[in-house]
Amino acid sequence: MRFNSNFKNVILEVICLLYVFLFVYAAVSKIMDFENFRIQLGQSPLLSAFASWVSILVPITELLICGLLITPKFRFIGLLASYGLMVMFTAYIFIVLNYTSFVPCSCGGVLEKLNWTEHLIFNGVFVLMALGAILICRSGNSLSKNKTTTKRFSFILVGITLFSTAIVIVLFMLSENIIHYHNKLIRRFPHTPVKTVYTRDLKLNSYYIAGIDNDKIYLGNDTAPLLVTVLDMQLGEKDKKVIDLDQKDLPFQAVKILVQSPYFFVLDGRVPCLYRGRINDWKAKIKTKGGAYFTTAQAIDSTAVAVRTHSSINGESILGVIHLDNDKTVLNPKILQKQFDGVFDTDGQLLYSLELKRVVFLYAYRNEFTVADRNLNIDFRGNTIDTITRAQLSVVRIKEKGQRKLSKPPLFVNKSSAVSNDLLFVNSAIPGRYEEDQLWKNASIIDVYSIVKKQYLFSFSIYDIKGKKMKSFVIQNNKLIALIGSHIVRYDLDEKIISNYIK
């Protein structure tokens with residue numbers, strides 16, 4: 001009987017020592033590499049929104065439990081706390097593996113060598129060890145055979161199990177809500193949501209993407225305004241076409257080409273003029289001339305083009321739609337919201353979703369976008385996860401010339417963007433919390449939003465080429481085409497992204 005008691009005591013000591021070793025090692029590893037640990041928690045699909053305080057609370061809790069375990073008087077409480085904490089860790093991994101949109105990186109140290117399933121098994125073993133140690137510890141208590149005490153003890157164990165699991169589930173649900181709907185610039189980066197498929201050096205950085213269809217990419221060139229270079233999806237050159245305008249005697253200043261197959265448009269908002277033609281012959285007829293000047297344009301369909309123009313009364317920016325068949329322009333001054341001067345502060349990118357039949361305007365210097373139908377009736381105003389709500393601009397007036405200029409470079413919030421189906425892709429300029437500086441030095445970050453669900457989904461990186469960052473991109477279905485310096489790159493989007501498209 002004494003031998004049996006001694007054997008139990010040895011097992012109890014071994015389990016307590018293993019827990020002390022595990023928690024001390026884990027806590028010290030987290031503290032020694034605290035910033036990396038906090039970044040990893042920030043990328044967790046469960047705890048992103050609570051990474052700041054969880055990253056501090058976890059190692060402190062682990063060390064406190066170690067103190068309880070090595071103190072004989074408080075060992076039983078320490079074992080109960082160890083059991084509860086390991087149940088929480090186990091529930092965390094189980095939810096990550098079964099109920100989250102992606103699986104993050106491991107948490108460092110020796111456990112980084114384990115995959116998540118092995119980590120789950122490892123935690124499960126420690127949960128059983130803690131349970132065994134608790135039973136051994138309790139068996140030495142003279143009241144352990146009392147029915148009332150046994151019942152109370154069972155309730156305590158069940159309560160700890162349920163409470164620990166419930167904490168993880170509640171944190172998961174709260175974090176999901178905060179990240180998707182009330183985000184304060186915490187990004188999530190699923191593993192490899194994009195894959196580089198083809199790369200080509202165009203030798204020049206004056207190209208821009210004029211359009212894309214199922215099997216072709218159309219490039220315009222600022223130095224040759226009417227030249228269209230046609231590439232296939234493997235980035236091989238298929239053709240070069242020079243657009244034939246039916247009226248060539250206009251004072252062109254800033255010619256741009258838009259391709260929306262089977263049509264293309266030639267525009268110059270400084271003339272202003274707008275041509276339309278078909279890509280089967282690349283001949284364009286003038287559709288509008290004169291009227292309102294415009295700075296940004298986006299084709300809606302063969303009969304309408306959305307533009308950012310200016311008010312003839314106060315010179316402030318307005319969104320409008322030019323209808324080519326009757327040469328009428330419909331304006332809605334309510335879409336663009338003035339903060340300072342109504343010109344610089346309403347600068348941004350104009351997009352159109354063919355699937356949703358919606359116009360999207362994304363501001364360049366603040367965390368806001370507006371979604372409207374093709375007649376410019378506003379659906380809703382949304383926000384990106386960046387926290388800059390007011391444009392940080394310094395605008396000065398030059399009275400002698402009647403001009404307004406920026407006295408210093410503006411702070412960009414959204415560099416470029418694209419829309420595909422119901423997803424809005426934003427190349428952000430603002431680093432988020434729990435993100436490494438090196439990532440921003442070597443890559444461009446694209447945040448993905450669901451227009452229909454009105455929520456942030458996740459982010460991914462497009463890496464620099466020869467020190468050059470991505471300057472523009474377009475997306476169609478599962479293909480992302482980007483210009484990076486003088487290179488054009490085709491990426492394929494994986495199921496993590498395209499599964500979010502509306503059917």
So, for Ala51 and Ser55, which heavy atoms are closest and what is the spacing to 0.1 Å? O-OG, 2.8 Å
Any donor and acceptor pair, going by atom type alone, linking the side chain of Asn478 with main-chain N or O of Asp492 inside 3.5 Å? no
Are Asp494 and Lys195 packed together at the side-chain level, in the sense that at least one heavy-atom pair is separated by less than 4.5 angstrom? no
So, Tyr501 versus Ser420: side-chain donor-acceptor pair below 3.5 Å or not? yes
Mind checking whether Ile484 and Thr199 have side chains closer than 4.5 Å, heavy atoms only? no
Close side-chain approach of Leu439 and Phe189, heavy atoms under 4.5 Å: yes
Side chain to side chain contact (heavy atoms under 4.5 Å, CB included) test vs Ile212 passes for just one of Val474, Asn477, Ile475, namely Val474
Sub-3.5 Å donor-acceptor pair from the side chain of Gln349 to the main-chain atoms of Asn414, do we have one? yes
Please report the closest heavy-atom contact between Ile186 and Tyr456, naming both atoms and the distance. O-CE2, 4.0 Å
Side chains of Ile243 and Val266: closer than 4.5 Å at any heavy-atom pair? yes
Is the shortest heavy-atom distance from the side chain of Val452 to the side chain of Leu356 under 4.5 Å? yes
Say whether, by atom type as modelled, one donor and one acceptor occur between the side chain of Tyr365 and the main chain of Ile388 under 3.5 angstrom. no
Are the side chains of Asp447 and Ile385 in contact, using a 4.5 Å heavy-atom criterion? yes
Evaluate the criterion side-chain hydrogen bond (donor to acceptor under 3.5 Å, both in side chains) for residue pair Ser486 and Asp201; output intermediate values, then yes/no. CA-CA 6 Å; Ser486 64; Asp201 190 352; 2.8 Å; yes
Show the atom names and distances, to 0.1 Å, of all donor-acceptor pairs under 3.5 Å that link a side chain in residues 223-237 to residues at least two apart or in another chain.
unit_1	atom_1	unit_2	atom_2	d
Thr223	OG1	Asn221	OD1	2.7
Thr229	OG1	Lys240	NZ	3.3
Asp232	OD1	Gln234	N	2.9
Asp232	OD1	Leu235	N	3.0
Asp232	OD1	Gly236	N	2.7

Is a side-chain N or O of Gln339 found less than 3.5 angstrom from the main chain of Thr389, in a donor-acceptor match? yes
Test salt bridge (Lys or Arg N to Asp or Glu O under 4.0 Å) on Arg308 and Asp347 and set out the steps. CA-CA 9 Å; Arg308 175 175 170 256; Asp347 196 7; 3.6 Å; yes
Test side-chain hydrogen bond (donor to acceptor under 3.5 Å, both in side chains) applied to Arg374 - qualifying residues, sequence neighbours left out: Asp301
If we only count heavy atoms from C-beta on, is the Ile446 to Met470 side-chain gap below 4.5 Å? yes
Keeping Tyr449 on the side-chain end and Asn383 on the backbone end, is there a donor-acceptor pair under 3.5 Å? no
I need the minimum non-hydrogen distance between Pro272 and Gly269, along with the two atoms involved. CB-O, 3.6 Å
Roughly how far apart are Thr303 OG1 and Ile322 CD1, rounded to 0.5 Å? 12.0 Å
Among Arg433, Arg187, Lys415, find the one that has a salt bridge (charged side-chain N to carboxylate O under 4.0 Å, His left out) with Asp386. Arg187
When you look at Phe369 and Val426, which way does the side chain to side chain contact (heavy atoms under 4.5 Å, CB included) test go after all the steps? CA-CA 11 Å; Phe369 61 91; Val426 179; over 6 Å; no
Checking side chain to side chain contact (heavy atoms under 4.5 Å, CB included) for the pair Val58/Phe89: CA distance, chi angles, key distance, verdict? CA-CA 10 Å; Val58 168; Phe89 290 162; 4.2 Å; yes
Start with the C-alpha gap between Phe425 and Leu480, add the side-chain angles, then the distance that decides, and say whether side chain to side chain contact (heavy atoms under 4.5 Å, CB included) holds. CA-CA 10 Å; Phe425 299 80; Leu480 186 155; 5.5 Å; no
Quick check, are the ring centers of Tyr275 and Phe265 under 6.0 angstrom apart? no
What one should report as the nearest heavy-atom pair of Phe460 and Pro193 is CB-CG, 3.3 Å
With side chains defined as the heavy atoms from C-beta onward, is the minimum distance between His310 and Val343 less than 4.5 Å? yes
Check whether any side-chain N or O of Asp268 sits under 3.5 Å from a backbone N or O of Ala254 as a donor-acceptor pair, and report yes or no. yes
Would you compute the distance between atom CD of Glu368 and atom CG of Leu362 and round it to the nearest 0.5 angstrom? 9.5 Å
Scanning both residues in full, the closest heavy-atom pair of Thr346 with Leu336 reads CG2-CB, 4.1 Å
Does Lys248 use its side chain to pair, donor to acceptor, with the backbone of Leu245 at less than 3.5 Å? yes
Please set out all donor-acceptor pairs under 3.5 angstrom arising from side-chain atoms of residues 279-291, sequence neighbours excluded.
unit_1	atom_1	unit_2	atom_2	d
Asp281	OD1	Lys283	N	3.1
Trp282	NE1	Ile279	O	2.9

Output for pair (Ser29 OG, Phe34 CZ), nearest 0.5 Å, gives 14.0 Å
Check: Asn421 main-chain N/O paired with Ser353 side-chain donor or acceptor under 3.5 Å: yes
Please check if the number of heavy atoms outside Glu436 that lie under 6.0 Å from its CD is greater than 12. no
Taking the side chain from Ser428 and the backbone from Ile430, do they hold a donor-acceptor pair closer than 3.5 Å? yes
Run the side chain to side chain contact (heavy atoms under 4.5 Å, CB included) check on Val489 and Tyr491 step by step: do they pass? CA-CA 6 Å; Val489 187; Tyr491 303 87; 3.4 Å; yes
What residues, two or more places apart in sequence or in another chain, satisfy side-chain hydrogen bond (donor to acceptor under 3.5 Å, both in side chains) together with Ser416? Asn427
Side chain to side chain contact (heavy atoms under 4.5 Å, CB included) filter on Asn377, not counting sequence neighbours, yields Asp373, Asn375
Would you call Asp345-Arg390 a salt bridge at under 4.0 Å N-O? no
Salt bridge (charged side-chain N to carboxylate O under 4.0 Å, His left out) partners of residues 455-468, not counting sequence neighbours, each pair once: Asp464-Lys469
Donor-acceptor check, side chain of Tyr208 to backbone of Ile257, threshold 3.5 angstrom: yes or no? yes
Taking all non-hydrogen atoms of both residues, which atom of Ala210 and which atom of Gly220 are closest, and how far apart? CB-N, 4.0 Å
Looking at Phe458, I'd like to know if the NZ or CZ of Lys496 sits under 6.0 Å from its six-membered ring centre while staying within 45 degrees of the ring's axis. no
Taking the ring of Tyr92 and the ring of Phe94, is the distance between their centroids below 6.0 Å? no
Is it the case that Arg278 and Tyr263 place a side-chain donor and acceptor less than 3.5 Å from each other? yes
side-chain hydrogen bond (donor to acceptor under 3.5 Å, both in side chains) partner of Thr370, chosen from Arg381, Lys334, Gln337: Arg381
May I ask you to check whether over 12 heavy atoms, not counting those of Asp215, lie within 6.0 Å of atom CG? yes
